[in-house]
Protein chains: 2
Amino acid sequence: MSGRGKAADEPSSHSLETAARKRSRSLAALGYTKPQTYEELRAVLSSGTVHFPKRLRQVAIFLWQHPSEVALGTIAQVAEQAGVQPSTLVRFAQIFGYSGFSDFQLLFKDRMKGSWPDPQGSPDKAGEPNVDLHFLNGMVGACQASLGRIGNNFDIAAFETMVDHLAAAELIYVIGSKRAFPVTTYLSLTLSQQGVRNVLVDNVGSTALDQVGCITPRDAVLAVSFSPYNSITPDLVAVAHERKARILAITDSTFSPLVKLSDTWLEVVEQDFGGFRSLAASLAVGMALVHGVVARRTD
Amino acid sequence: MSGRGKAADEPSSHSLETAARKRSRSLAALGYTKPQTYEELRAVLSSGTVHFPKRLRQVAIFLWQHPSEVALGTIAQVAEQAGVQPSTLVRFAQIFGYSGFSDFQLLFKDRMKGSWPDPQGSPDKAGEPNVDLHFLNGMVGACQASLGRIGNNFDIAAFETMVDHLAAAELIYVIGSKRAFPVTTYLSLTLSQQGVRNVLVDNVGSTALDQVGCITPRDAVLAVSFSPYNSITPDLVAVAHERKARILAITDSTFSPLVKLSDTWLEVVEQDFGGFRSLAASLAVGMALVHGVVARRTD
DNA sequence: GCTGTTTTCGAATGATATTTCTATTTTTTG
DNA sequence: CAAAAAATAGAAATATCATTCGAAAACAGC
């Protein structure tokens, strides 16, 4: 919000050098021009041609998933939520050719401007006097928001491809840890209940690597992973990839390490509330996958 | 965006007088309390009971008509667009009981938060020509219906009791199988992440009975079970009951065998679609439980 | 395992935004 | 119509923010 006056000016002779040097290893070298709209930015981020180091990737993931926080917050607030230093945000913006964070933030503000949320359906709930009830409502809201996003932005083509591959597979390996584990357990359960043979790679007894070591090219892997991507899932999927199995992924951004390993992937972004993330959308998509596989196989 | 630190503090003895004098001819005298949400503010404005002088009326009209500008802009930008001085905006906010503009602006930001404009895809997908998409939408509908039922018919008293018992427990045993297992895995994971010690009774190695054999009266059992109630969950809970632990249950009808074994129980009814049941509501309630326990323990 | 480079962190700095205060104008009231 | 009260505008003061820069840490290449 501040420091815009000087920032908008042409750089002085000294900072010109600095800026030029920095930009040389930035997007200009890659033939990109400064994104003028939020959609352009999103396109550049998802193109996969830019590879960020850890902290900058963290920034990319955060603003991919929480654009409204970026639009509404100050640099300090955004930095704290994203878990980085404020200066990291400035660096990120400058890599894209902006003079600083404020300049960069305008993208998000412009995108948001004019779109005022409709009067909420719930007629004010008598002010939610109870703190626990407030949290519950927030959590329900997060679930519904996650589910709502499926309605729009759903890549039905990728979904169909995934179903085809899964239906054609000899054996389906289901992989996911931490937050994704509830999703994979339900997937495995419903697949089995529908008569689709599958292996849940749950790493009980630390046998996961041995399990994926048995994968053949005729098998398919259904992997689920959410940010932060610090579980063993990518390692396991990498092995499966080497063994030439089909890799199908459900994940929450293009920055997931699963994306470059997978034949087809679906983006499912879960909202969180108070640090607790919803799983509603992933489960719904997962059930749809199971249903689709069963339908293909019984045709 | 700035100057919030001091503003949030209690007014000093000098400004206390000033503020009190001002507030005496403000809304407090009219029996209004400081609006906590944008909706409340809007209600007050539209009630017609408040009569503003020229400039303040100008402000009221502007933020009625351009809420998103107020949320996104700085006080200077808003003031210019509204055609008033920045200090007028501060006065306006203070009349409503806020410490200043920043404080007041939070109403607008909060209202806007989380509502990111969707990329406006085709509104209704031409009647779902795709069978897979139809199922997915049905599944999403089932999830939303399940979540919707929480809003109404939620036994908040039972919920509070459950949280109290869980918070008081020495060790929490989480039990659930089949369909309920994804819920219990997520419960166990989030409890652990929040530093609440717990045991997930997952029956790996068929050790579940031995595990529950270690339960003491100071422990609590959080059991999840859905119909048909043909899993081993009731058996395990029965053992825990004999061992005089507190039993807290999430289940989907009064006919559940868990009901007569448990000290307190919550009814969460999940809808199904095409034989695939949603877990969204149970997960949301589960997260709320975890949140509640953490809140109780950190008091 | 070392060296040169890239990346990150954190404090210092310069700039902006918000608020307070006072003189002036407008409105109300006797 | 005059005097008092209220409201406003504008400037000064203060708190916060965004940015820069140098040092430390992490990383990659040899």
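Reckoned from all heavy atoms, side chains included, excluding hydrogens, waters and symmetry mates. Here is how names work: the chains are called A, B, and so on, in the same order as the sequence lines, proteins then strands, and each is numbered from 1.
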I would like to know whether A/Trp265 and A/Thr254 meet side chain to side chain contact (heavy atoms under 4.5 Å, CB included); could you show each step before the answer? CA-CA 9 Å; A/Trp265 65 282; A/Thr254 54; 3.5 Å; yes
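- In this structure, the CZ atom of A/Arg55 is 7 Å from the P atom of C/dT8, given to the nearest Å.
- Neither side chain, A/Gln94 nor A/Arg91, offers a donor N or O lying under 3.5 Å from an acceptor on the other.
- The nearest whole Å value for the distance from the CD atom in B/Gln94 to the C1' atom in C/dT19 is 8 Å.
- For B/Ser102, counting side-chain heavy atoms from C-beta on, the closest listed nucleotide (C/dT7, C/dT19, D/dT19) is C/dT19.
- Spacing between atom CZ of A/Phe92 and atom P of C/dT6 amounts to 19 Å, rounded to whole angstrom units.
- The phosphate of C/dG10 (OP1 or OP2) has no side-chain N or O of A/Ser87 nearer than 4.0 angstrom.
- B/Leu189 has its side chain out of reach of A/Phe181: every pair of non-hydrogen atoms, C-beta onward, lies at least 4.5 Å apart.
- Distance CG (A/Asp103) to P (C/dA15): 17 Å, rounded to an integer number of Å.
- Contact annotation: B/Thr88 does not reach the phosphate of D/dA7 (side-chain N/O to OP1 or OP2, under 4.0 Å).
- In this structure, CZ of A/Arg57 is placed 16 Å from C1' of C/dT6, rounded to the nearest angstrom.
- In this structure, the CG atom of A/Leu89 is 13 Å from the P atom of D/dT20, given to the nearest Å.
- The side chain of A/Gln85 places no N or O atom within less than 4.0 Å of a non-bridging phosphate oxygen (OP1 or OP2) of C/dT8.
- Candidate nucleotides C/dA17, D/dC17, D/dT20 were compared by shortest atom distance to the side chain of A/Ile75, and D/dC17 ranks first.
- Other residues, nucleotides and ligands contribute over 12 non-hydrogen atoms within 6.0 Å of the CD atom of B/Gln81.
- Enclosure of atom NZ in A/Lys54 is not indicated, since only 12 or fewer non-hydrogen atoms of other residues, nucleotides or ligands lie within 6.0 angstrom.
- Nucleotide D/dT20 holds its C1' atom 16 Å from the CZ atom of A/Phe101, rounded to whole Å.
- Among the nucleotides D/dA18, C/dT8, C/dT18, the one closest to the side chain of A/Thr74 is D/dA18.
- In terms of phosphate contacts, B/Arg91 brings no side-chain nitrogen or oxygen within less than 4.0 Å of OP1 or OP2 of D/dA7.
- Between the OH atom of B/Tyr98 and the P atom of C/dT18 there is a distance of 17 Å, rounded to whole Å.
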